[in-house]
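Read through the structure below, which is laid out as structure tokens, and then see the notes.
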Amino acid sequence: MAFLRCTGCDGVFDADRPLHTCPECDSLLEVRYGELPALDLSDPSPESVWRYRDHLPVEPLVTLDEGGTPLYSAEGLAEWVGLENLHVKHEGMNPTGSFKDRGMTVGVSKALQLGVPRIACASTGNTSAAMAAYGARAGVDSYVLLPAGKVALGKVSQALIHGARVVAVRGNFDDALRLVREVCSSDEMYLLNSVNPFRLEGQKTVAFESVSELGKAPDRFVFPVGNAGNISAAFKGLREWLDLGMIEELPRMTGVQTEGARPLVDAYESGADDVTPETDPETLATAIRIGNPVNGRRALQAIRESGGTALAVTDDETVEAQRKLASLEGIGAEPASAASVAGLKKMVERGVVETDETVVCVATGNLLKDPEEAVEVSPAPVETAAELGAVKHAVGL
Ligand code: F0G
């Protein structure tokens, strides 16, 4: 049986109350379970979020067949990074093109179970795309707050076509999240940002699938970090599996941010146990253009408890890694996703990561989310006359 536990005051609450934060102290809530069964990973059923339903707090009331994303063995990229054993979990292959679908199938199922009429989120883009799609499938009205002018085109188009009411806020993501949390303070509107403990439960399955596919826990997971929900969710799942004896050791949780938006890295480096918000985050990786990560404290715990680390990369390093993912492996990832690979390369260079570690890099979102950026950082197409000689010349024949 699932229940909610406050991460601040340890208060315990019924999982069927539509709570966004602790009613006593306003801290974040976490889903806990009376008892979890150990799972038999040799069971041949295909990978998916709902393969792990015994470790999830709701029934699948709405699904688009999320999860089951490819875990690629990336030999070319491994060589570039300087590792022997690198895997890329391509979360961009989820139904709406990002890892958010794992959380939304669970979060929107919870909304249906609670019978709430409306769902809402603030987003740098992917959360809104996923929520709009699952909202559409569930027949629930979706409301989305986006930072005006700072969301990649593919993501805005998804939120719009799936029928969400899209509000462009003249501010950044942190402003939009603060506002949507206020808008959702009544029972009328259910908040699906990563403050929502049910959404995070779905997201822990990226770690489950990786362990199951590798046949063991990797030595390290590398995540790009924005609001810090995904790395915290994966760690929660891994801790549950450690407690059940399903894995023997915790993989080192490693978070990567960009130089223009690095509050978690600063907190990690200074030894603080919570983040100091950055007021003016800026990066080409708009998905993680976040100055005040709501799950920062949890992510710091995950990183420290697992012996992991956090570091920042430049936008140029991110783009280089994005191009290497695309050109060496055929993996199309949006910039934020590629930050994880850029960070890994830097850690290998600094000797923080041993070359014989088995590493899983999580590529969180699809290249097609941000086509404008991909065109901008690539050589322009060669335009020729519609004539054989000109075409032959253009292709170097
Ligand atoms: N990668 C991508 C592609 C993302 O869209 C996000 C977050 C992250 C990484 C970071 O994950 O927030 O759990 O640390 N996107 C959110 C959104 C904020 O609104 O779509 P996180």
Side-chain angles (χ1 to χ4, degrees), residues 89-94 96-104 107 120-133 144-147 150-152 154-156 158-159 164 166 169 172-174 176-177 180 191-196 199-200 202-204 206-207 221-236 253-258 261-265 275 281 283-300 302-303 310 318 322 325 332-343 361-370 373:
K89 185 74 170 158
H90 194 356
E91 289 291 280
M93 300 297 277
N94 273 296
T96 78
S98 86
F99 71 98
K100 305 286 180 178
D101 297 341
R102 293 183 186 274
M104 282 304 164
C121 69
S123 182
T124 57
N126 282 322
T127 300
S128 68
M131 195 191 77
V144 165
L145 272 64
L146 303 178
K150 290 291 184 179
V151 177
K155 306 174 189 180
V156 182
Q158 289 178 289
V166 177
V169 176
N172 60 29
F173 169 82
D174 303 299
L177 182 57
V180 80
L191 182 62
L192 278 165
N193 279 102
S194 56
V195 291
N196 183 309
R199 210 196 92 189
L200 288 185
Q203 284 177 210
K204 68 190 184 181
V206 70
F221 274 106
V222 187
F223 287 90
V225 172
N227 223 4
N230 208 27
I231 190 169
S232 309
F235 181 69
K236 179 176 186 288
M253 305 307 278
T254 305
V256 183
Q257 297 193 299
T258 58
R262 45 172 291 164
L264 187 88
V265 176
V275 293
T283 166
L284 155 141
T286 52
I288 51 173
R289 184 176 169 271
I290 293 176
N292 188 12
V294 74
N295 288 290
R297 177 182 279 271
R298 277 203 268 218
L300 286 167
I303 289 167
T318 300
Q322 182 191 27
L325 268 164
E334 67 166 287
S337 312
S340 61
V341 175
C361 253
V362 182
T364 43
N366 200 290
L367 174 75
L368 298 175
K369 292 283 191 169
D370 196 349
E373 180 271 346

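As the structure lists them, so they are numbered: ligands from 1, and atoms in each ligand from 1. In this text the structure is predicted, and so the values were computed from the model without any measurement.
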Exercise. Taking N or O atoms only and a 3.5 Å limit, does Ser128 qualify as a polar contact for ligand 1?
Worked result: no
Exercise. Is there any N or O on Phe99 that sits under 3.5 Å from an N or O of ligand 1?
Worked result: no
Exercise. Quick one: does ligand 1 sit under 4.0 Å from the side chain of Asn193, the backbone, both or neither, non-hydrogen atoms only?
Worked result: neither
For this session: Classify the contact between Ala287 and ligand 1 as side chain, backbone, both or neither, using a heavy-atom distance cut-off of under 4.0 Å.
Result: both
Exercise. Taking all atoms of both residues into account, what is the closest heavy-atom pair of Val144 and Ser128, and its distance?
Worked result: CG1-CB, 3.3 Å
Exercise. Regarding Glu91 and Asn230, is there a side-chain donor-to-acceptor distance under 3.5 Å anywhere?
Worked result: no
Exercise. Any N or O on Gln203 sitting closer than 3.5 Å to an N or O of ligand 1?
Worked result: no
Exercise. Taking only heavy atoms of Asn227, which atoms of ligand 1 are found under 4.0 Å from at least one of them?
Worked result: 12 (O), 14 (O), 21 (P)
Exercise. So, is Ser337 polar-close to ligand 1, with some N/O to N/O distance under 3.5 Å?
Worked result: no
For this session: State whether the side chain of Glu373 and the backbone N or O of Pro335 hold a donor-acceptor pair below 3.5 Å, judged by distance alone.
Result: no
Problem set entry | Check: Gly229 N/O within less than 3.5 Å of ligand 1 N/O | yes
Exercise. Do any heavy atoms of Ser98 fall under 4.0 Å from ligand 1?
Worked result: no
For this session: Decide whether an N or O pair under 3.5 Å exists between Lys155 and ligand 1.
Result: no
For this session: Would you check whether Ala122 has a nitrogen or oxygen atom less than 3.5 angstrom from a nitrogen or oxygen atom of ligand 1?
Result: no
For this session: Quick one: closest heavy-atom pair of Gln322 and Ala333, and the distance?
Result: NE2-O, 3.0 Å
Exercise. Based purely on interatomic distance, does Glu334 place a nitrogen or oxygen under 3.5 Å from a nitrogen or oxygen of ligand 1?
Worked result: no
Seminar exercise, completed: Test side-chain contact (heavy atoms from CB on, under 4.5 Å), reference Thr318, set Thr258, Ile288, Val256, Val341, output is Thr258
